Amino acid sequence: MKICYNIRMVKKIIYLVVLILLSLCVIEGVRVAIAEAVVYPILYSLAEKQDNFRLYIKCGQIKIMAKKYDEAREDLTYVIENSVTSKDKRNKVLALYYLGNTFYEEEDYDEALTAYAAVLKLDPINKKALKKFSRIKMAMGEYVSLYPYISAYVREKPKDSFGWAERCAVLTRLDKFTAARQCCEKAIELRKSNARAHLDYAILLEKRGFKDLAKREYTEAYAYQKRIKTREELEDMLNI
């Protein structure tokens with residue numbers, strides 16, 4: 001009986017230790033510290049031994065999480081500069097994307113745009129890069145130079161609601177209302193729950209003086225972003 005009791009106690013202790021470790025991992029700072037102190041050295045050593053580009057990228061990602069952007073750029077730049085074959089293309093695209101993210105986090109938007117543009121040149125349908133690229137360009141009001149990148153995405157992925165919504169947003173701000181309306185309607189046709197498309201459609205209708213129709217589209221946008229309370233929060237959520 002005593003042996004069984006001791007076994008049960010050991011199991012309880014192990015269970016508690018596991019719970020503590022899991023709870024620590026939930027804390028972002030602890031998780032990042034463990035990744036940088038323990039995981040990074042192992043991955044970097046393997047990356048050097050194997051000259052493995054994907055592992056160098058993983059190392060860069062860890063440094064980005066730790067906000068060590070200069071160190072992240074070193075790992076990512078190594079991949080970019082040494083990716084010379086067609087087989088390396090995917091790794092180069094990933095490295096360029098994360099390089100753009102380092103500049104984005106530091107609010108160096110010109111450098112971020114350069115990196116994202118390089119991604120889109122190699123991979124025009126890279127949605128993550130296009131989202132970041134579009135977000136910066138829209139904030140700067142550089143709609144004309146953004147438009148070709150969005151059009152290239154739409155040509156390659158005509159059934160993706162995202163591309164049509166982005167095109168609608170740009171055309172609305174260029175006062176190309178007829179074309180913008182067609183794009184918004186297409187985006188909503190492809191995905192009714194596209195809150196961004198409903199919001200841009202509302203902005204378009206509001207500009208044209210159709211307040212009742214605009215109100216309907218704002219209501220639709222809110223319906224698909226239930227946590228949002230105000231229009232300002234909605235626009236911030238949707239990166240307008």
Side-chain angles (χ1 to χ4, degrees), residues 25-48 52-84 88-150 152-153 162-163 165-166 169-170 173 196 228 232-240:
C25 288
V26 170
I27 301 171
E28 181 67 15
V30 174
R31 186 174 69 86
V32 171
I34 291 172
E36 187 180 16
V38 179
V39 179
Y40 181 88
I42 295 170
L43 288 183
Y44 192 83
S45 178
L46 287 172
E48 284 189 312
N52 188 312
F53 291 158
R54 191 56 63 90
L55 291 180
Y56 276 115
I57 293 169
K58 290 291 184 185
C59 288
Q61 287 178 267
I62 290 172
K63 288 298 183 180
I64 292 172
M65 288 193 301
K67 303 186 187 303
K68 302 287 182 64
Y69 301 121
D70 287 338
E71 295 175 38
R73 282 193 282 270
E74 287 182 17
D75 294 334
L76 298 168
T77 300
Y78 178 83
V79 177
I80 294 164
E81 291 179 346
N82 291 279
S83 297
V84 293
D88 296 333
K89 179 182 174 182
R90 179 58 183 162
N91 289 320
K92 188 171 186 176
V93 166
L94 276 174
L96 281 165
Y97 171 71
Y98 287 114
L99 180 67
N101 286 355
T102 68
F103 291 118
Y104 187 89
E105 292 298 326
E106 292 186 303
E107 299 183 4
D108 187 346
Y109 297 123
D110 288 333
E111 291 294 339
L113 284 173
T114 299
Y116 294 138
V119 172
L120 295 169
K121 183 178 179 180
L122 293 169
D123 183 16
I125 60 172
N126 192 304
K127 185 182 287 189
K128 287 183 178 180
L130 183 57
K131 278 183 178 180
K132 291 283 184 69
F133 187 79
S134 179
R135 183 181 299 176
I136 298 169
K137 285 283 191 181
M138 293 280 280
M140 291 180 170
E142 296 179 358
Y143 311 125
V144 174
S145 59
L146 170 60
Y147 188 77
Y149 291 92
I150 294 172
Y153 185 93
F162 163 76
E166 288 292 316
V170 172
R173 286 151 185 81
R196 172 69 184 275
I228 304 305
E232 288 74 19
E233 288 177 323
L234 182 67
E235 292 182 357
D236 184 60
M237 165 74 78
L238 299 175
N239 305 316
I240 303 299

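What you see is a predicted model; the values in this text were computed from it and never measured.
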K128: partners by side-chain hydrogen bond (donor to acceptor under 3.5 Å, both in side chains), with sequence neighbours left out
none
Could you report the tightest heavy-atom contact between R54 and N52, atom names first, then the distance?
N-OD1, 3.0 Å
If you compare all heavy atoms of A117 against all heavy atoms of Y149, which two are closest, and at what distance to 0.1 Å?
CB-OH, 3.8 Å
Interatomic distance, CG@N126 vs NZ@K131, rounded to 0.5 Å, equals 11.0 Å
Those residues that, when tested against Y109, pass side-chain hydrogen bond (donor to acceptor under 3.5 Å, both in side chains) (two or more places apart):
none
So that I can tick it off, tell me whether R196 and E166 are bridged by a salt bridge, with the cut-off set at under 4.0 angstrom between side-chain N and carboxylate O.
yes
Residues in side-chain contact (heavy atoms from CB on, under 4.5 Å) with Q61, at least two apart?
I57, K58, Y98
What one should report as the nearest heavy-atom pair of F53 and N82 is CZ-O, 3.5 Å
Rounded to the nearest 0.5 Å, the CD1 atom of I136 sits from the CD atom of E107 at a distance of 10.5 Å
Identify every side-chain donor-acceptor pair in residues 38-47 under 3.5 Å, counting partners at least two apart or on other chains, and give the distances.
{"from": "Y40", "atom 1": "OH", "to": "D75", "atom 2": "OD2", "distance (Å)": "2.9"}

Contacts under 3.5 angstrom, residues 138-146 side chains, donor-acceptor by atom type, not counting sequence neighbours:
{"from": "E142", "atom 1": "OE1", "to": "K137", "atom 2": "NZ", "distance (Å)": "2.8"}
{"from": "S145", "atom 1": "OG", "to": "K137", "atom 2": "NZ", "distance (Å)": "3.0"}
{"from": "S145", "atom 1": "OG", "to": "E142", "atom 2": "O", "distance (Å)": "3.4"}

So, do L99 and R73 sit near enough that their side-chain heavy atoms are less than 4.5 Å apart?
yes
OH of Y69 to OH of Y104: how many Å apart, nearest 0.5 Å?
11.5 Å
Which residues pass the side-chain hydrogen bond (donor to acceptor under 3.5 Å, both in side chains) test with N101, sequence neighbours left out?
Y116, K132
Could you pull out the closest heavy-atom pair between A112 and G100, with the gap in Å?
CB-O, 3.7 Å
With a 6.0 Å cut-off (strictly less than), is the heavy-atom count around NZ of K121, excluding the residue itself, greater than 12?
no
Is there a side-chain contact between Y56 and L76, using heavy atoms and a 4.5 Å cut-off?
no
Smallest heavy-atom separation, I80 atom then K92 atom, equals O-CE, 3.8 Å
Does E36 pair with K68 as a salt bridge, N-O distance under 4.0 Å?
yes
Between T102 and A72, what is the shortest heavy-atom contact and its length?
CG2-CB, 4.1 Å
Derivation of the side chain to side chain contact (heavy atoms under 4.5 Å, CB included) call for L130 and F162
CA-CA 10 Å; L130 183 57; F162 163 76; 3.7 Å; yes
